[in-house]
Every structure is written in structure tokens, then in C-alpha cells.
Amino acid sequence: MIRADFALRHASQLATMLPREDDPLGRINDGALAAREGRVVWIGDDRDLEAQVTLDGDLLDAAGACVIPGLVDAHTHPVFAGSRADEFAERVSGVAYHAQQSGERGIARTVRATRDSDVVTLTELAAARANRFIANGTTTIEAKTGYGLDLEHEARSLEVLRQVAEQTRLRVIPTFLGAHVVPAGVDRRAYLRSLMDEMLPAFKPWAVFCDAWCEAPAFTAAETRAVLGRAKSLGYEIRVHAAQLAPGEGPDIAAELGARSADHLEFATPAQIKALAKAGTVAVLCPSANFTTRGPRPPIEAMREAKLPIAIASDLNPGTSNSESLPLAMSLACVQWGMTPVEVLAGATMHAAHSLKLDGLAGCLRPGSFADCIVVDAESPEAIPYYVGVNRVLQTVVGGAVWQPL
Ligand code: NIG
Ligand code: FE
């Protein structure tokens with residue numbers, strides 16, 4: 001008998017997200033799973049559970065709802081203060097996102113509000129976002145800094161991420177994004193020096209990944225190569241904001257450095273996409289940011305043809321995507337871009353986990369994986385993106401415990 005301290009029963013369809021020949025979602029009809037100390041120890045047909053598992057702990061009855069792995073969001077910016085709702089309204093009336101990035105507007109404005117905030121307030125704001133992620137079915141996020149933009153305030157952003165992970169049940173994978181933009185009023189060369197000589201070495205113990213935004217209004221290709229090259233030599237894994245607003249070398253740099261992810265990619269060329277696929281990089285697409293900036297459709301066909309894995313992310317941030325909802329991002333990717341429900345489900349689980357080096361742990365359900373799953377009021381996993389902009393998540397389980405809102 002297998003001993004468990006948590007079990008979930010009566011899932012009409014339980015998607016393991018481990019593709020089988022007969023089913024890309026690897027689903028079990030009338031499925032059940034059992035967990036011990038936060039990890040899955042058994043998964044199978046509900047009728048076999050009692051014969052194979054001894055439960056000493058909580059039992060969750062899915063009562064015929066669907067169960068899928070907790071969603072994995074591979075691109076978020078959750079540490080910030082202030083609002084840019086007025087910039088959203090301006091864009092609705094035709095102003096371009098790019099045109100909002102000069103002077104003390106756009107990202108610079110969020111940097112000011114974030115620096116002016118204290119660590120307690122920033123942690124409260126980020127923890128509220130963490131709770132909304134979990135309520136909307138996300139159990140793991142990649143979380144970027146990038147609104148501090150100096151040694152002191154970037155360190156504080158990493159500290160906020162540490163505290164949020166401790167306070168909430170969300171799994172938080174920190175990314176250092178000091179190379180978001182050059183902060184207002186600072187000499188470009190001096191900032192790059194501080195980034196490479198002070199911040200990158202100082203933050204290595206805390207941040208798993210290093211990211212840079214490679215295009216105007218942020219960093220040139222040469223600057224991006226210098227920053228990310230140094231990051232790689234210090235042992236960071238690499239992510240790149242690339243070809244979001246215009247064509248450029250960002251995707252090439254991601255491929256050259258063997259980045260774990262190249263993100264946005266609206267303007268990536270077919271040759272760049274092939275290079276990314278060859279490098280083993282994951283394309284992290286951000287449908288909600290694309291939606292509010294009215295960006296073009298990313299080259300999905302070229303990605304499919306190159307067999308480039310596509311992750312779907314919320315890109316939670318105050319400028320282009322103030323949303324913690326991956327199900328909404330999945331709906332948008334289906335409707336706006338013609339991705340299939342199966343593609344977006346894999347994109348918000350398996351492929352996202354792969355981009356975070358969490359293969360086999362997050363984004364799938366199997367013995368040994370995190371016992372992170374969601375119970376969803378939908379007739380099938382494929383129906384999740386069909387429910388547009390309403391939260392159909394009934395329960396979120398993280399590490400074998402049902403999450404309760406605080
Ligand atoms: O992913 N592209 C750069 N960064 C964010 C936007 C940040 C902001 O506008 O505050 C993004 O879309
Ligand atoms: Fe981003």
C-alpha cells in the first residue's frame with residue numbers, strides 16, 4: 001500500500017499533461033491522485049485508489065469537475081507600485097505603447113512609484129497579486145525584478161519576491177531584470193557598468209535567471225550581448241525580451257546564448273525561429289500584452305513548423321498586461337492567434353515548466369511531481385479557454401494542500 005497525506009478523487013477528466021499516442025493531454029477519465037509531503041505518490045483510475053493507497057490526511061472530492069496541473073506562468077513582473085490606467089486609456093484612443101516610454105512616463109513612472117514605496121507596501125501589493133495568481137489557477141510563476149533599476153532597489157525587489165514566496169503558497173522563481181530599461185536621469189554607460197560589475201555578481205545567489213529587454217526603448221543588441229554574456233559567465237540562466245515591438249537581434253542573441261526562453265517574439269523572423277528551436281529555447285508568448293498594445297500576431301506557423309515549444313504567459317505588469325489570469329491569456333491566444341486549446345494548455349503547463357527547468361516537477365502530474373493541481377468547472381480541459389474572462393477555477397492545490405484565500 002502507498003501511504004498518502006492528501007488525495008483527490010472523482011475528476012471526470014484528469015489531464016496529466018504527459019502526452020500519450022492516443023491523447024496529447026494524457027488524460028485519465030474518472031481519475032484520482034494521492035500525495036505525500038507535497039509530491040504526487042500515486043495517480044490513476046479512481047476505482048483503484050482505495051485498493052492501492054492508505055490515506056491519512058485530507059480528501060478533496062472534485063465531484064466530476066476537471067483536474068489539470070497547476071498552471072505555470074513563465075513571464076511575470078509582480079513587484080511594482082502605482083498605476084498606469086491613464087496610459088491604458090490613452091492607448092485605447094490610439095496612442096502607441098512605444099510613444100508612452102519617454103521622459104517620466106511608462107516604465108520610468110513605475111520605477112519612481114516602486115522606489116517611493118517601502119518594502120512592506122511592495123510586499124503587500126505583490127502578495128495580493130500572488131493570491132490572484134493562485135485563485136486563477138497558477139501555482140508557479142517566474143517573477144522578474146526590473147522596476148528598481150539600481151543596486152538598492154533591485155535588491156529590495158528580490159527581497160520582496162523572497163517574502164512573497166514565504167507568505168503565500170505560490171512557487172516563485174526569481175529573475176533579475178536590471179536590464180529592463182536604463183533608468184531616467186542616469187548615464188547609460190554608468191548604468192551598464194553598475195549592472196555588470198555590481199548588480200549581476202551581487203544577485204547571483206538569489207536570482208536563477210537573468211533577463212534583458214533587447215530593443216528600443218531599452219537596450220541595443222551590443223548592450224544586450226554584453227549584459228547577458230556576463231550573466232551567463234556568472235552562472236545565470238538566460239531569458240530575453242525579444243522582438244516585441246519591432247524586428248531586431250533579440251531572438252538571435254537568445255539562440256546564441258542558449259537562452260531558456262525568448263519572450264514576446266511578435267517580430268521574430270522564420271530564420272530566428274529555426275535558430276531558437278535548434279538552441280533548445282522556449283518561445284514564451286504574452287497574449288494579454290499583445291492584446292492591450294494591439295501588437296501583430298506572432299509567427300505561430302513558423303514556430304509550429306520549426307517545432308519550437310510555445311509557452312503562454314500572463315506577462316503581469318502595470319504597463320501592458322495588468323492581469324494574473326493565464327486562462328484569459330489562453331483564450332486570447334486561441335481567439336486572436338488561432339492556437340488550439342491543446343496548444344495553449346501545453347503552453348501554460350509543460351512548455352512553461354520546461355522554460356523554468358522544472359520538467360517533470362511542475363506543469364504535469366505524475367509520481368514525483370509537485371502535488372500542484374487545479375479543479376476546474378469545465379466539461380473538459382480543452383474547454384478552459386472557451387470560458388473567456390471568467391474564473392472557472394474551483395480549487396487550487398499547492399504541494400498537496402488546498403489553498404484558502406487569506
Ligand atoms: O513585458 N517589454 C517590456 N516589459 C514589459 C512592459 C513593462 C511596462 O510597460 O511596465 C512587457 O510588456
Ligand atoms: Fe515582460
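For reference, positions follow the sequence shown, starting with 1. Start at 1 and go down the list; that is how both ligands and their atoms are numbered.
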Exercise. Return the name of the atom in Asp315, of element N, O or S, nearest to the Fe ion (ligand 2).
Key: OD1
Quiz item: Parallel under 30°, tilted from 30 to 60°, perpendicular over 60°: which one fits the rings of Tyr147 and Phe80?
Solution: perpendicular
Quiz prompt | Protein contact of atom 10 (O) of ligand 1 - nearest heavy atom, named by residue and atom, plus distance | solution = Tyr147 OH, 2.6 Å
Practice problem: Write out the residue and atom name of the closest protein heavy atom to atom 6 (C) of ligand 1, then the distance separating them to 0.1 Å. | Solution: Tyr97 OH, 3.3 Å
Quiz item: Quick one: do Arg169 and Asp372 make a salt bridge, cutoff under 4.0 Å?
Solution: no
Quiz item: Within the stated cut-off of 2.8 Å, is an N/O/S atom of Cys286 closer than that to the Fe ion (ligand 2)?
Solution: no
Quiz item: With a cut-off of under 6.0 Å to the ring centre and 45° to the axis, is Lys204 in cation-pi contact with Tyr236?
Solution: yes
Quiz item: Does even one non-hydrogen atom of Thr110 get within less than 4.0 Å of ligand 1?
Solution: no
Quiz item: Quick check: does Arg84 get an N/O under 3.5 Å from an N/O on ligand 1?
Solution: yes
Quiz item: Is Glu305 salt-bridged to Lys307, going by a charged N under 4.0 Å from an acidic O?
Solution: no
Self-check item: Name of the His241 atom (N/O/S only) found closest to the Fe ion (ligand 2)
Solution: NE2
Exercise. For atom 1 (O) of ligand 1, find the nearest protein heavy atom and state the residue, atom name and distance (0.1 Å precision).
Key: Asp315 OD2, 2.8 Å
Exercise. Starting from atom 4 (N) of ligand 1, find the nearest protein heavy-atom neighbour and note its residue, name and distance.
Key: His180 NE2, 2.9 Å
Practice problem: Please lay out, stage by stage, how Thr145 and Glu154 fare under the test side-chain hydrogen bond (donor to acceptor under 3.5 Å, both in side chains). | Solution: CA-CA 6 Å; Thr145 66; Glu154 284 292 305; 2.4 Å; yes
Self-check item: Enumerated ligand 1 atoms positioned under 4.0 Å from heavy atoms of His75
Solution: 1 (O)
Practice problem: Identify the protein heavy atom lying closest to atom 2 (N) of ligand 1, giving its residue, its atom name and the separation to 0.1 Å. | Solution: Gln244 OE1, 2.6 Å
Practice problem: Report yes or no: is the cationic atom of Arg188 (NZ for Lys, CZ for Arg) closer than 6.0 Å to the six-membered ring centre of Phe219, at no more than 45° off its axis? | Solution: yes
Quiz prompt | Inter-residue atom distance Glu256.CD - Arg225.CZ, 0.5 Å rounding | solution = 4.0 Å
Self-check item: Geometric cation-pi criterion Arg91 and Tyr97, 6.0 Å radius, 45° cone
Solution: no
Exercise. Could you confirm whether His77 has any N/O/S atom lying under 2.8 Å from the Fe ion (ligand 2)?
Key: yes
